[in-house]
Protein chains: 2
Amino acid sequence: MSANITIKDVAKRAGVSEATVSRALNDSPQVKRATRQKIQAIAHSLGYRPNGLARSIRVQQSHTLGMIIPDILNGFFTQLSRAIEDAASQAGYDVLIVNTDEHLQKEAKGINLMLEKQVDGLIITSAGASTDYPKMLGNTPAVFVDRMPPADVVSQYDRVLVDNVQGTQDIIGCLIDRGARRVGIINSAVSATAQERLKGYHRALRAAGLPTDPATEATARVDGSNVPQMARQLLVNQKCDALFAADNTIMTGVLSKLPELSLSDFQLGAFDDNDWFDFLPQPIVTAKQPIAELGRIAVERLLARINDGQLPTQEFRLAAQIIPRPTATHP
Amino acid sequence: MSANITIKDVAKRAGVSEATVSRALNDSPQVKRATRQKIQAIAHSLGYRPNGLARSIRVQQSHTLGMIIPDILNGFFTQLSRAIEDAASQAGYDVLIVNTDEHLQKEAKGINLMLEKQVDGLIITSAGASTDYPKMLGNTPAVFVDRMPPADVVSQYDRVLVDNVQGTQDIIGCLIDRGARRVGIINSAVSATAQERLKGYHRALRAAGLPTDPATEATARVDGSNVPQMARQLLVNQKCDALFAADNTIMTGVLSKLPELSLSDFQLGAFDDNDWFDFLPQPIVTAKQPIAELGRIAVERLLARINDGQLPTQEFRLAAQIIPRPTATHP
DNA sequence: CTGAAAGCGCTAACAG
DNA sequence: CTGTTAGCGCTTTCAG
């Protein structure tokens with residue numbers, strides 16, 4: 001951000017006022033064709049580049065969206081961020097991304113940062129239910145994706161999520177159809193989502209007339225560090241014949257433990273799909289989230305709210321697609 | 001970016017001038033302790049949030065770095081972006097990310113965007129050798145990571161890369177040590193990098209006294225669409241007993257084709273490592289890039305250049321670490 | 001220690 | 001169709 005050439009330089013060089021240059025550069029129809037072209041030519045030859053900050057500050061909007069995600073290394077969020085970027089850029093908006101590492105403090109810092117950068121709106125995947133979002137956000141529009149805002153303020157925000165209950169129920173149902181009689185679950189630590197997935201798990205068991213057993217239900221730490229040990233606990237000690245991992249990270253933890261357990265004849269299910277699951281010897285039944293859709297709707301909704309702050313808030317629930325995996329290629 | 005409360009509001013409320021508020025908020029030592037605390041309290045109670053754009057425009061720097069990457073879905077770049085974000089934020093800089101999808105046009109648009117947003121510097125993983133960076137960038141500092149800038153302007157920019165020759169040579173050498181006699185390569189389309197990796201491949205063959213054969217050398221399309229077919233060509237038609245994939249994307253293409261070829265007794269090597277490679281039945285020898293280092297150095301260097309535009313440019317070559325994979329766990 | 005005033009680069013009335 | 005003027009929110013001389 002060094003001594004750059006400004007609108008003033010162009011104006012001087014073109015022998016017109018700054019206002020005219022501004023108009024010409026913005027293709028205002030109310031400037032003579034000839035002048036406009038001349039000005040644009042001069043601007044180009046001078047290597048003029050508009051200062052977006054100055055513009056934003058003047059017009060009172062940045063045309064920029066902020067996005068708060070907990071872990072960019074997690075494939076789900078990488079894809080989500082990609083989807084959101086695509087949708088936003090199609091609407092002429094840029095997006096700023098901040099990683100929270102699931103830390104509330106980093107999240108707070110990130111949100112602050114974005115507000116200072118004057119984003120027009122925020123897309124948030126919350127790192128925790130304890131944050132006072134209304135106070136943090138002020139009147140900056142926000143939509144929550146993938147994770148619910150804290151219960152006491154849900155109704156104040158739009159949210160777009162996947163149907164966790166149904167998705168989980170489908171997976172477990174599929175495992176049972178294929179012969180599972182004792183299904184273990186390693187759930188995530190994210191409260192609302194975890195509850196829904198647990199509910200789906202229970203429903204599937206009940207629907208099949210199988211008993212629930214607290215001994216087959218475990219909850220992973222947010223960093224996943226205790227997952228391998230839990231996998232062992234459930235598959236070996238508890239003799240589960242199928243194991244459900246409630247998300248991406250958890251499934252990875254499970255997979256890392258499997259070789260040393262050297263079991264056979266058990267099934268695997270997981271929420272969130274990964275392309276490379278196709279390459280594994282052990283098939284995994286997954287629920288694939290409609291990530292592009294999630295992103296598209298979130299952006300759409302956020303932009304709508306930016307244009308009309310009074311819009312009533314809404315919840316969007318999208319169905320997850322079950323990928324049974326052992327099919328054609330996996331006999 | 002709606003009607004927010006400004007420094008003026010705080011000043012009025014505190015009965016002081018805007019200047020004093022500004023000083024107080026920036027912890028200037030030249031404002032009386034009492035006034036400062038009072039002002040800060042008022043600012044807080046009013047929910048005042050500084051307008052970063054206004055500040056940036058005034059002080060002529062944004063404390064923001066821009067990052068241009070070709071594909072955020074590629075694990076290598078996700079990790080790289082993460083590393084860069086970490087390093088930058090530690091230095092008090094934010095980072096803006098733009099995805100190019102390997103499209104020169106998107107890259108140009110992205111760079112433009114960042115410049116308009118007045119980033120203080122740019123970290124670029126170039127999408128093509130044909131771009132006229134000096135013209136695009138003007139005097140905004142930039143460092144190139146992972147991919148060389150165009151040959152005619154290399155010397156104008158800092159670059160931080162991995163030692164592709166050595167890394168590849170190590171992988172191929174390892175495959176040969178384990179018995180490979182006819183090693184195929186599917187190279188990437190990225191020119192400079194590809195040449196280096198091909199060189200390493202040739203060197204390893206020569207060192208082992210093996211012949212090179214153009215029939216065992218293929219080049220993937222940038223989108224990887226023809227990789228599966230190439231894998232078939234090399235492994236089946238050309239009867240290679242080992243296959244080297246020059247990057248992440250290519251390896252994925254190869255893996256997707258393997259099941260239907262149902263071969264046995266062949267080896268796999270790849271540049272770029274992925275955690276999930278550990279879970280595959282077929283071990284893969286990889287060269288793992290020191291991504292955190294790459295990011296750290298890039299940021300360090302960029303910041304140094306921001307502070308001193310006259311700094312002589314430099315090239316950093318980091319060693320890739322070979323992961324032989326069939327070890328302890330893979331007998 | 002604090003205030004008044006100028007100005008970063010840009011756009012939006014308001015005149016002409 | 002174009003110029004003049006004012007001002008977005010902030011920091012920074014320069015005075016006091």
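Side chains are part of it too, since the values below use all heavy atoms of this structure and drop only hydrogens, waters and symmetry mates. Here the structure is a predicted model, which is why all the values come from computation and not from measurement. In the text below, chain A, chain B and the rest are named by the order of the sequence lines, each starting its count at 1.
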*Quick one: which of dG3(D), dT2(C), dC8(D) gets closest to the side chain of I57(A)?*
dC8(D)
*Got a sec, which residues hit side-chain hydrogen bond (donor to acceptor under 3.5 Å, both in side chains) with Q314(B), two or more places apart in sequence or on another chain?*
R301(B)
*Salt bridge flag under 4.0 Å for residues R317(A) and E315(A)*: yes
*Find the distance K12(B):NZ to dG3(C):C1' and express it as a whole number of Å.*
16 Å
*dC10(C), dT2(D), dC8(C): which one has an atom nearest the side-chain heavy atoms of Q60(B)?*
dC8(C)
*Think T35(A) has a side-chain N or O under 4.0 angstrom from the OP1 or OP2 of dT2(D)?*
yes
*asked:* Quick test of your reading of the model: are D9(B) and R13(B) salt-bridged, counting only N-O distances below 4.0 Å?
replied: no
*asked:* Can you confirm whether the side chains of T78(B) and S81(B) place a donor and an acceptor under 3.5 Å from each other?
replied: no
*asked:* So that I can tick it off, tell me whether R147(B) and E102(B) are bridged by a salt bridge, with the cut-off set at under 4.0 angstrom between side-chain N and carboxylate O.
replied: yes
*Are T6(A) and dC8(C) close enough that a side-chain N or O sits under 4.0 Å from OP1 or OP2?*
no
*So which nucleotide from dC10(D), dC8(D), dC10(C) ends up closest to the side chain of N51(B)?*
dC10(D)
_Is there a side-chain hydrogen bond (donor to acceptor under 3.5 Å, both in side chains) between K117(B) and S62(A)? Walk through the geometry before answering._
CA-CA 10 Å; K117(B) 286 225 189 299; S62(A) 59; over 6 Å; no
*Is the phosphate of dG3(C), meaning OP1 or OP2, less than 4.0 Å from a side-chain N or O of T20(B)?*
yes
*asked:* Can you give me the bend angle of the helix from dC1(C)-dG16(D) to dG16(C)-dC1(D)? Use the axis through the first five pairs and the one through the last five, nearest 10 degrees.
replied: 40°
_Could you tell me if Y48(B) and T6(B) have a donor-acceptor pair between their side chains, going purely by distance under 3.5 Å?_
no
*When you look at E293(B) and R296(B), which way does the salt bridge (charged side-chain N to carboxylate O under 4.0 Å, His left out) test go after all the steps?*
CA-CA 5 Å; E293(B) 277 294 283; R296(B) 202 179 50 69; 3.0 Å; yes
*Where along nucleotides 11-16 of chain C does protein come under 4.0 Å, by heavy atom, of base (B) or sugar-phosphate alone (S), with - for untouched nucleotides?*
BBB---
*Given dT2(C), dC8(C), dG3(D), which nucleotide is nearest the side-chain atoms of K8(A)?*
dC8(C)
